[in-house]
Amino acid sequence: MIASFSKALVAVASVAMLSACDLPRPGPNFEEVTAPEAQTSEGVNLVLISQSVAKASRQSISPGFHASFLNASSPATDIIRPGDKLTITVWENVDNGLLATLGQKVTTLADIEVDQSGRIFVPYAGRIEAAGRSPEQLRQQITRQLNDQTPDPQVEVRRLAGDGATINLIGDVGGQGVYAITPSTRKLTSMIASAGGITADPQLSKVTVRRGKQSGAVYASDLYRNPDMDIALRPGDTIVVDEDEPIFMVLGATTTQALVPFPKADLTLLEALAEAGGLDSRTADPKGIFVFRRESGAVADRVLNTSGARAGMAFAYILDLTQPGGFFMADEFQVRDGDTIYITEAEFVGWARVIEATASTLNFGTTLVNAADVLNGN
């Protein structure tokens, strides 16, 4: 009986050795990923990461404003527009003036709103065209029309920006709302500051300006660093501040397998590996780090040194950290939103699993043999 158990033990161990490829593992190894038969019918471009490849595959992650936004001059903040509110003060040189109450020579007409036709009504002066004029021009017009009815009237016009010179500000700012464009808030950064500033991470916050049918965007960090991006605002603009949410996926022989959010907008492969917890020192193959993505036609042409490449081609970029300069190339290669980073296992890890499985099988077999000895009274 012991002999039969021993034979069974050898058979089980042999099966464990032969079926090593079926042992659990986090994914394919380097040879399996790069094997020709593993490529799909559409073809996957295997590209070893170098300095030239890192440069060719890089895309600008900094959005920007259209030339029409950048070249727009600051609006005149003293021009009256429909929706603005005016305060008109009139001093008369007679005791019983046209506008003043008994015993008064000063009359204040407050909160006169410019209607949608651009006009206002002033007693004894009638309806006056206000939109498109400065407060000084309107003052002169009112003075002329009152002068025929009261001697030498003195007129003051003060303007409060209203609906005709406002912008909408929404998103991750201290205070969302409708804000008037004033001399101190004619630029994008000053308007955001007047609303309490950006409350989200400026490294990931994107500022979008919508103007009519056009729109432009810039990362907040770039806006602060580049004064040219601090564009002049226009009445009716909408400013949206929101946090961009790019992510990459990391799989394989790493300390974590998950969707990882970008810690900043422009992320390198070296930084992405660090953000994901680094390579698993027990299992990872530093020669087999893959970045999978689909490229645009322009990027594919640059990387492959071709022309006319179709958009959406599949690429597998390979990083070998054991090569001279491997870490420098990893720090130059750009990771983009939606990338998948896969780290293969070292070859010895597969053999270690075989040995572990075989040892477990042998221990189980020994237990069976010992149990048979007991049953036989040995």
Side-chain angles (χ1 to χ4, degrees), residues 20-59 61 245-296 299-300 303-304 311-323 325-354:
C21 60
D22 294 329
L23 292 174
R25 51 183 175 151
N29 58 31
F30 183 88
E31 286 73 18
E32 290 171 328
V33 174
T34 57
E37 58 271 17
Q39 309 307 311
T40 63
S41 58
E42 67 171 319
V44 177
N45 297 282
L46 299 174
V47 180
L48 187 64
I49 295 177
S50 63
Q51 287 184 329
S52 61
V53 168
K55 181 179 179 180
S57 63
R58 171 169 284 275
Q59 283 189 331
I61 52 86
E245 298 180 349
I247 58 171
F248 66 92
M249 181 183 295
V250 61
L251 299 171
T254 181
T255 56
T256 182
Q257 300 192 43
L259 291 171
V260 183
F262 278 45
K264 61 178 186 176
D266 195 356
L267 189 68
T268 67
L269 179 53
L270 190 63
E271 292 168 332
L273 292 173
E275 188 69 16
L279 279 63
D280 189 333
S281 60
R282 299 165 301 176
T283 60
D285 180 6
K287 295 182 179 180
I289 301 172
F290 291 82
V291 178
F292 296 96
R293 72 163 67 122
R294 292 186 182 277
E295 293 288 20
S296 66
V299 173
V303 173
L304 301 176
M313 294 180 66
F315 277 76
Y317 294 97
I318 308 169
L319 174 67
D320 183 354
L321 283 178
T322 66
Q323 291 296 316
F327 281 91
F328 292 100
M329 286 182 283
D331 199 34
E332 294 178 7
F333 186 82
Q334 181 188 56
V335 173
R336 301 208 296 269
D337 185 19
D339 281 356
T340 297
I341 300 174
Y342 176 70
I343 303 167
T344 59
E345 286 190 332
E347 292 184 6
F348 84 93
V349 177
W351 286 107
R353 287 198 180 93
V354 172

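Note that the coordinates shown come from a computational prediction; the quantities given were computed from them, not determined experimentally. All residue numbers refer to positions in the sequence shown, counting from 1.
Taking both residues in full, the closest heavy atoms of Arg293 and Val335 are given as NH2-CA, 4.0 Å, listed atom of the first, atom of the second, then distance. Scanning both residues, Met329 and Ile49, for their nearest heavy atoms gives SD-O, 3.4 Å. Here the shortest heavy-atom pairing between Glu275 and Pro261 reads CG-O, 4.3 Å. Across all their heavy atoms, Val260 and Ala276 have their closest contact at CG2-CB, 4.5 Å. Heavy atoms only, all atoms of each residue included: Lys264 and Leu267 are closest at O-CB, 4.4 Å. Pairing each heavy atom of Leu48 with each of Val53, the nearest pair is O-CG2, 3.6 Å.
Checked by atom type, the side-chain pair Tyr317/Glu295 shows a donor-acceptor distance below 3.5 Å. At a cut-off of 3.5 Å, with distance as the only test, no side-chain donor of Thr254 or Asp280 sits close to an acceptor on the other residue.
Residues Val291 and Thr340 are not in side-chain contact: their nearest non-hydrogen atoms beyond the backbone lie 4.5 Å or more apart. Side-chain contact between Val250 and Gln257 is absent, with no heavy atoms from C-beta onward closer than 4.5 Å. The closest side-chain heavy-atom distance from Ile343 to Leu273 is below 4.5 Å. In this structure, Arg294 and Met313 have side chains that are not in contact, with every pair of non-hydrogen atoms separated by 4.5 Å or more. In this structure the side chain of Gln59 reaches within 4.5 angstrom of the side chain of Ser296, judged on heavy atoms. Between Val303 and Val47 there is a side-chain heavy-atom pair separated by less than 4.5 Å. With a 4.5 Å cut-off on side-chain heavy atoms, Glu345 and Asp285 do not count as touching.
With respect to the salt-bridge test (charged N to carboxylate O, under 4.0 angstrom), the residues Glu332 and Arg58 do not qualify.
Distance check, rounded to the nearest 0.5 Å: CG of Leu319 to CZ of Phe327 gives 8.5 Å.
Listed for the Thr344 side chain is a donor-acceptor partner under 3.5 Å among the backbone atoms of Gly288. No donor-acceptor distance shorter than 3.5 angstrom exists from the side chain of Thr268 to the backbone of Phe333, with no hydrogens or angles considered.
Listed by chain and number, the residues in a side chain to side chain donor-acceptor pair (under 3.5 Å) with Asp337 amount to none (sequence neighbours excluded).
Aromatic rings of Phe315 and Phe292 (six-membered ring for Trp) have centroids beyond the 6.0 Å cut-off, not under it.
Taking the six-membered ring where the residue is Trp, Phe248 and Phe262 present perpendicular rings, their angle passing 60° and hence far from 30°.
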